[in-house]
S.K.: 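Please read through the structure below; I'll follow up with questions.
Quick note: numbers below take in every heavy atom, side chains included, and nothing from hydrogens, waters or symmetry partners. These numbers come from a predicted model, not from an experiment.
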Amino acid sequence: MRLHLMTHPEALVIARLDAGVEPPWDWTPGPFSSLSRSPQETSVVCLEEVVPSGTLTEGPFRAVEVAGPLAFDAVGVMAEILTPLVPAGISVLALSTYDTDWVLVPQDEITVAESVWRKAGLIITPTILTGRSGS
């Protein structure tokens, strides 16, 4: 079965905070958010618009969601998504939730990524359909 990827229109960033620091803003709105901690840092993926100025960030990114839920024993899902992007030189951030996988694609490369994935046989659709041509 071909993978179905759904692109989200909102701009996301990944913010870096010092180890053990809680984000001092509401990082939970949007199509996807994530908080990850290591002994060296706290990373927050969230909407670009909610991050306070002066915070170290990378992005903006567009979130691409794998239609799920995916079975935990599914093999090769990320390989199928990421392998076609390598020759195109597109670097992404891959994350997983309990139900599915997500890929954050640099916003200025989302159109190229979508084209590459279509050529590789993946199904790509936006999460918001307007009914207007060219949208």
S.K.: Could you pull out the closest heavy-atom pair between Pro31 and Glu10, with the gap in Å?
M.R.: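 Shortest heavy-atom contact: CG-OE1, 3.4 Å.
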S.K.: To the closest 0.5 Å, what do you measure between CE (Met78) and CG (Asp101)?
M.R.: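 With rounding to 0.5 Å, CE (Met78) is 3.5 Å from CG (Asp101).
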S.K.: Is Leu93 reachable from Val77 through a run of I, L, V, M, F, W or Y residues, each pair having side-chain heavy atoms under 4.5 Å apart?
M.R.: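 No; Leu93 is not reachable from Val77 via cluster members.
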S.K.: Find the distance between OG1 (Thr127) and CG (Leu5) and round it off to the nearest 0.5 Å.
M.R.: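 If we round to the nearest 0.5 Å, Thr127:OG1 and Leu5:CG are 12.5 Å apart.
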S.K.: Return the CD to CG distance between Gln40 and Asp18, rounded to the nearest 0.5 Å.
M.R.: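 Here the interatomic distance stands at 11.5 Å.
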S.K.: Report yes if the side chains of Ile110 and Val64 come closer than 4.5 Å at any heavy-atom pair, otherwise no.
M.R.: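 Of all side-chain heavy-atom pairs linking Val64 with Ile110, at least one is under 4.5 Å.
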S.K.: Show your reasoning for whether side chain to side chain contact (heavy atoms under 4.5 Å, CB included) applies to Val112 and Val116.
M.R.: CA-CA 6 Å; Val112 175; Val116 166; 4.2 Å; yes
S.K.: Would a hydrophobic clustering, with Ile, Leu, Val, Met, Phe, Trp and Tyr connected at side-chain separations under 4.5 Å, put Val13 with Val105?
M.R.: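 No, Val13 does not connect to Val105 through the hydrophobic network.
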S.K.: Dump the intermediate steps for side chain to side chain contact (heavy atoms under 4.5 Å, CB included) on Val45 and Leu95, then the final yes or no.
M.R.: CA-CA 10 Å; Val45 174; Leu95 300 148; 4.2 Å; yes
S.K.: Say whether, by atom type as modelled, one donor and one acceptor occur between the side chain of Trp117 and the main chain of Pro84 under 3.5 angstrom.
M.R.: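 Side chain of Trp117 to backbone of Pro84: no pair is present.
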S.K.: Residues sharing Met6's hydrophobic cluster, by side-chain heavy-atom contacts under 4.5 Å among ILVMFWY, directly or via others?
M.R.: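 Members besides Met6: none; it forms no cluster.
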S.K.: What residues, two or more places apart in sequence or in another chain, satisfy ring-ring contact (aromatic ring centres under 6.0 Å, His included) together with Trp102?
M.R.: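 Checked Trp102 against ring-ring contact (aromatic ring centres under 6.0 Å, His included); matches are His8, Phe32.
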S.K.: Decide yes or no for Leu104 and Ile14: does some side-chain heavy atom of the first lie under 4.5 Å from some side-chain heavy atom of the second?
M.R.: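 They are not in side-chain contact.
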S.K.: How many angstroms lie between CD1 in Ile90 and CD in Glu109, if you round to the nearest 0.5 Å?
M.R.: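 Result: 5.0 Å between the selected atoms.
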S.K.: Which atom names give the shortest non-hydrogen contact between Ala79 and Thr83, and what distance separates them?
M.R.: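 Nearest pair, atom of Ala79 first, then Thr83: O-OG1, 2.7 Å.
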S.K.: Treat each ILVMFWY residue as a node, draw an edge where side-chain heavy atoms are under 4.5 Å apart, and state whether Val44 and Leu12 are in one component.
M.R.: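 Yes; Leu12 is reachable from Val44 via cluster members.
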S.K.: Is Leu82 reachable from Leu3 through a run of I, L, V, M, F, W or Y residues, each pair having side-chain heavy atoms under 4.5 Å apart?
M.R.: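 In one cluster with Leu3: Leu82, yes.
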S.K.: Measuring from Arg16:CZ to Thr55:OG1, what's the distance to the nearest 0.5 Å?
M.R.: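 Result: 12.0 Å between the selected atoms.
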S.K.: Establish whether Leu47 and Trp25 are linked, either directly or via other cluster members, by ILVMFWY side-chain heavy-atom contacts under 4.5 Å.
M.R.: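 Yes, because Leu47 and Trp25 connect within a single hydrophobic cluster, where side-chain heavy atoms sit under 4.5 Å apart.
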S.K.: Leu35 versus Thr42: any side-chain heavy-atom pair under 4.5 Å?
M.R.: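 Of all side-chain heavy-atom pairs linking Thr42 with Leu35, at least one is under 4.5 Å.
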S.K.: Just checking Glu41: does its CD atom have more than 12 heavy atoms from other residues, nucleotides or ligands closer to it than 6.0 angstrom?
M.R.: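 More than 12 heavy atoms, drawn from other residues, nucleotides or ligands, come within 6.0 Å of this atom.
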S.K.: What distance do Ile124 atom CD1 and Arg118 atom CZ have between them, rounded to the nearest 0.5 Å?
M.R.: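 Result: 6.0 Å between the selected atoms.
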S.K.: Please name the pair of heavy atoms, one in Cys46 and one in Val51, separated by the smallest distance, quoted to 0.1 Å.
M.R.: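 In this case the closest contact between Cys46 and Val51 is SG-CG2, 3.5 Å.
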S.K.: For the pair Ser36 (side chain) and Ser43 (backbone), establish whether a donor and an acceptor sit closer than 3.5 Å, ignoring hydrogens and angles.
M.R.: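 Looks like no, no N/O pair under 3.5 Å.
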S.K.: Given side chains that start at C-beta, do those of Leu85 and Ser91 come closer than 4.5 Å, heavy atoms only?
M.R.: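 In short, these two side chains do not touch, never coming nearer than 4.5 Å.
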